[in-house]
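On a predicted model such as this, the values are computed, not experimentally measured, just so you know. The chains referred to below are lettered A, B, ... by the order of the sequence lines, with proteins before strands, and numbering in each begins at 1.
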Amino acid sequence: MALAFYNTRSRRKEVFEPLRPGKVSMYVCGVTVYDRCHVGHARSLIFFDVVARYLRWRGFDLCFVRNITDIDDKIIKRAAECGESWDGLAQRYIDEMHRDVAALGCLAPDVEPRATENIPEMLDLIARLEARGMAYAVGGGDVYFSVPDFKPYGALSGRDLDDLMAGARVEVDERKRSPMDFALWKGAKAGEPSWDSPWGPGRPGWHLECSAMSSKYLGEPFDIHGGGEDLVFPHHENELAQSCGAGAEQFVRYWLHHAFVRIDKEKMSKSLGNVFAIADVLEEVEAEGLRLNLLSTHYRSPLDFSPEGIAESTKAMLRVYEALARADEAGCEDPSYDHSSHEVAELVEAMDDDFNSAKAVAVAFEALRELNRSLDAGDLKGASVSLGVIKAAGACLGLFQAEPAAFLDSYKSKGAGRSGVDEAEIERAIAARSEARKNKDFAEADRIRDELAARGIYLEDGPGGTTWKLEP
RNA sequence: GGCGGCGUGCCCAAGUGGUUAAGGGAGAGGUCUGCAAAACCUCCAUUCAGCGGUUCGAAUCCGCUCGCCGCCUCCA
């Protein structure tokens, strides 16, 4: 079997064959740093993190590039509103984004280029387009891409240029030759940050940076270009037009787009005002619960974000760690299966089929039941196989990587802190109850347990003594 | 208006032509336990929005209807 996934350009699943055998180049559109990242960004970060982890686990040598748009209109506007320098604001949100990425358990990309650090490559691209008659300057430093001069325009998003023109809004900019033309370079107005160029001081258009940076770091063509589905048009269509207009034969081999996160069936977006910042959400819920929740739905289906959904996933995630801790305690060894082991064939099949993380999660949970069953039966060998499957699935999905006992302890402490529970007091109550149980004073023992339960603290009497946990 | 997607049990969600329709959460019964909890076992959709059609056979393909959503403007 081979890895296959949905290519936006062909609108069907295609077997993945990298340009160079064994090597994969992937470029993902990162964030524009004018605000904090929200759960929608989290889906993108986590999904492509899984793609990266899986490709590597599958044996590919991957170069993963994710850009940062650190100059654009929204950054300038926001900085003015905040009375802050544009680059100071950008850096602040870059730092926040990096914290979010780490908190979500995502690996850093191999290269994280910033628009402002790659201006020469962008100017070079404009010059090449101008030389081929695909770009025109209109004065004032503005340079546009001439869409009608790029015949295959619309091929990626399945749009017809005539339909687009017919549906286009009346353009205020009379200097554009066609309403579909878009800015490659924006001349600077007074007080705006700018870079020198042959067309005058200005800043790059949004689409331009991705064309320039992807080619710079990955070559032309490269294998995978990813992003949210709203980027298909116009962003990626325009990138394609720029790069091919400047002479690239193919630019990108596979286009990979994920669906949105929704709130009450509507797209989560700034304009609708229904965004949840990642940092705020992680104040309330365990990051790995959120991660499991986002991976429980296939990436091309919309996902409804809800506290209930996160809570369900968190419970499920804790069940896994409970079992992993049990396995550790039993002295169970992780066989560390690689992708060629027949034990993980189901997992590989799931992930090979269009990165079906939901199916991969199911494989992990089936192995989880098997693991507990083996542990119940004292079958360490069987347990080890199941443990290996869970860990392999976790390696692909970026889940279940923490040291189980420590993870559960820390989860408990965080929860206790949030609900103002005093751990030492609980330990004292447990000691008192154990004493009562030893004296067969079950009425007193049950009274103590009920009292704790009323506060959301649940006790478990095991062979090694009594432990407690919080209501998830 | 143009283009595209979705509708699977109480909830979330895989499955896109062929054995018993994954998995998670919730619920019910059981084993274990002083009693519980956890874990495990069993049960929980003759049915996949509705109606037609193609087929030996469809949740899966085609058509229509209803409902929901996205892109076409910055957007993950």
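- Counting only Watson-Crick and G-U wobble pairs whose two distances sit under 3.5 Å, RNA chain B takes part in these stems of three or more pairs: B:1-7 with B:66-72, B:10-12 with B:23-25, B:27-31 with B:39-43, B:49-53 with B:61-65.
- Remark: the A:Arg262 side chain and the B:G70 base include no donor-acceptor N/O pair separated by less than 3.5 Å.
- When the side-chain nitrogen and oxygen atoms of A:Arg66 are compared with OP1 and OP2 of B:A76, none of them lie within a distance under 4.0 Å.
- The aromatic rings of A:Phe222 and A:Phe251 lie perpendicular to each other, with more than 60° between the two planes, well past the 30° mark.
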Under 3.5 Å, N/O pairs linking protein and nucleotides 58-63 of chain B:
none

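- For A:Asp446 and B:G34, a side-chain-to-base donor-acceptor distance below 3.5 Å is present, hydrogens and geometry of angles not being considered.
- Within 4.0 Å (heavy atoms only), A:Val363 reaches no atom of the nucleic acid at all.
- Here A:Glu366 lies in heavy-atom contact (under 4.0 Å) with sugar-phosphate atoms only.
- Taking the six-membered ring for Trp and thresholds of 30 and 60 degrees, A:Tyr321 and A:Phe407 have nearly parallel ring planes, at less than 30 degrees apart.
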For a salt bridge (Lys or Arg N to Asp or Glu O under 4.0 Å) check, start with the C-alpha distance between A:Lys359 and A:Asp353, then their side-chain angles and the critical distance, and finish with the verdict. CA-CA 10 Å; A:Lys359 185 84 183 292; A:Asp353 184 11; over 6 Å; no
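- Not a single donor-acceptor contact under 3.5 angstrom links the side-chain atoms of A:Arg43 to the base of B:A76.
- Phosphate proximity of B:C12 to A:Asn293: absent, as no side-chain N or O sits under 4.0 Å from OP1 or OP2.
- Residue ring and nucleobase are not stacked for A:Phe365 and B:G23 under a centre distance beneath 5.5 angstrom and an angle between planes beneath 30°.
- Each of A:Ala443 and A:Pro302 was matched to the nucleotide of RNA chain B holding its nearest heavy atom; the match closer to the 5' end belongs to A:Pro302.
- Between A:Phe16 and A:Phe5, the ring planes lie tilted relative to each other; the angle falls in the 30° to 60° range.
- A donor-acceptor contact under 3.5 angstrom links the side-chain atoms of A:Asp461 to the base of B:C35.
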For A:Asp142 and A:Arg175: C-alpha separation, side-chain torsions, deciding distance, then whether salt bridge (Lys or Arg N to Asp or Glu O under 4.0 Å) applies. CA-CA 10 Å; A:Asp142 291 335; A:Arg175 304 171 305 164; 2.6 Å; yes
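- Classification of the A:Tyr54-A:Phe355 ring pair by plane angle, with boundaries at 30° and 60°, yields perpendicular.
- A:Phe276 is not listed as a side-chain neighbour of A:Glu284, based on a closest heavy-atom distance of 4.5 Å or more.
- In this structure, CZ of A:Arg159 is placed 12 Å from C1' of B:U73, rounded to the nearest angstrom.
- Looking only at side-chain heavy atoms (C-beta outward), A:Ile71 and A:Pro193 come within less than 4.5 Å of each other.
- A:Gly40 comes within contact range of at least one nucleobase, with a heavy-atom separation under 4.0 Å.
- No side-chain donor from either of A:Ser386 and A:Glu370 sits under 3.5 Å from a side-chain acceptor of the other.
- In this structure, the nucleotide among B:A38, B:A14, B:A76 sitting nearest to the side chain of A:Lys469 is B:A38.
- Within the 4.0 angstrom heavy-atom criterion, only backbone atoms of the sugar-phosphate kind lie near A:Phe233; the bases stay farther away.
- You'll find that the side chain of A:Lys315 is closest to B:A26, out of B:C41, B:A76, B:A26.
- Residue-to-nucleotide contacts include a donor-acceptor pair under 3.5 Å from the side chain of A:Glu312 to the base of B:G24.
- When the nucleotides B:G70, B:A14, B:G24 are ranked by their closest atom to the side chain of A:Arg369, B:G24 comes out on top.
- A:Glu266 and A:Asn274 share no donor-acceptor pair across their side chains, judged by distance under 3.5 Å alone.
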